[in-house]
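The structure that follows is given in the form of structure tokens.
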Amino acid sequence: DAMVIQNPRYQVTQFGKPVTLSCSQTLNHNVMYWYQQKSSQAPKLLFHYYDKDFNNEADTPDNFQSRRPNTSFCFLDIRSPGLGDAAMYLCATTRESTDTQYFGPGTRLTVL
Amino acid sequence: AQKVTQAQTEISVVEKEDVTLDCVYETRDTTYYLFWYKQPPSGELVFLIRRNSFDEQNEISGRYSWNFQKSTSSFNFTITASQVVDSAVYFCALSEGWDGANSKLTFGKGITLSVRP
């Protein structure tokens, strides 16, 4: 059974049109992460939630926002996608920050 | 600051060959955790192994084995008798253990392994 679920798997949006990516987990983990991964690069952490506490990386653009309405769900909102935001977006969860992070299958975002 | 170096960028082998993927890390912490993840073409990052800094025992899991050496700050990964299904990008990663709420994974740049039939 899938433990970290991301929807949709593929998302196409238009330049400047807001888009929301979804992540859910059945593991009851405390921590949820959002990563951006561009082609041939390592995943880059955007932000994470430890329970309800939001932690933004210093270099994450303001265009990227996140919400975690409950333990199971976390959303990534891109307010005005640019061509440079086309990437794979990976969600991960872990019980505690030093434990293993388990990743979802990712959402591949295309910006036209 | 922590750092992970995967000096190899691309490796190509023929099926059934053994292959070793190198990983060198830097950290000032005495408590830290090392990981290997596999990323097949589908894109999902698949967890392979987690090692803490106090456990230097090598580990074997089927065709996979890991060699952790603190003296050289290395955590190398060997695939024995490689198969086409092993073709993927492999990431080594490090997290420090001092900040429970905000420890983060630092990834290496990844190694693209191609196994040819």
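First the proteins, then the strands, lettered A, B, ... as listed; each starts at 1.
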Are side-chain heavy atoms of B/K104 and A/N55 found at a separation under 4.5 Å? no
Please enumerate all residues that pass side-chain contact (heavy atoms from CB on, under 4.5 Å) together with B/E26, with sequence neighbours excluded. B/K3
OH-CG distance between B/Y33 and A/D99, expressed to the nearest 0.5 angstrom: 7.5 Å
Atom group of A/Q6 that falls short of 4.5 Å from chain B, counting heavy atoms: neither
Side-chain heavy-atom pair B/F47, A/F103 within 4.5 angstrom cut-off: no
Proximity of residues 54-75 of chain B to chain A, residues having a non-hydrogen atom under 4.5 angstrom: none
Taking atom NZ of A/K44 as the centre, does the number of heavy atoms from other residues, nucleotides or ligands within less than 6.0 Å exceed 12? yes
Close approach to chain B in residues 66-95 of chain A, criterion heavy atom under 4.5 Å: A/M88, A/L90
Are the side chains of A/Y102 and B/V46 in contact, using a 4.5 Å heavy-atom criterion? no
Is B/L45 reachable from A/W34 through a run of hydrophobic residues whose side-chain heavy atoms are each under 4.5 Å from the next? no
Identify whether B/V4 and B/I11 are in the same connected component of the hydrophobic contact network (ILVMFWY, side-chain heavy atoms under 4.5 Å). yes
Determine, using the 4.5 Å side-chain heavy-atom cutoff (strictly less than), whether A/F64 and A/F15 are members of one ILVMFWY cluster. yes
If you count heavy-atom pairs within less than 4.5 Å of chain B, which of A/Q37, A/Q41, A/R108 leads? A/Q37
Do A/Q101 and B/F35 come close enough that some side-chain heavy atom pair is under 4.5 Å? no
Please give me the minimum heavy-atom distance between A/A42 and B/G108, naming the atom from each residue. CB-O, 3.3 Å
So does A/D59 have more than 12 non-hydrogen atoms from other groups sitting under 6.0 Å from CG? yes
Between CZ on residue B/F107 and CG on residue A/L45, distance to nearest 0.5 Å: 9.0 Å
Whatever's closer than 4.5 Å to a heavy atom in chain B on A/D53 counts as neither
Check whether B/Y32 and B/V24 end up in the same hydrophobic cluster, where Ile, Leu, Val, Met, Phe, Trp and Tyr are linked by side-chain heavy atoms less than 4.5 Å apart. no
Holding to side-chain contact (heavy atoms from CB on, under 4.5 Å), I want the full list of residues that pass it with B/P41, two or more places apart in sequence or in another chain. none
Full working for side chain to side chain contact (heavy atoms under 4.5 Å, CB included) between B/L105 and A/Y35: CA-CA 11 Å; B/L105 275 181; A/Y35 290 87; 3.9 Å; yes
If Ile, Leu, Val, Met, Phe, Trp and Tyr residues are connected whenever their side-chain heavy atoms lie under 4.5 Å apart, and connections chain through other members, are B/I111 and B/Y25 in the same group? yes
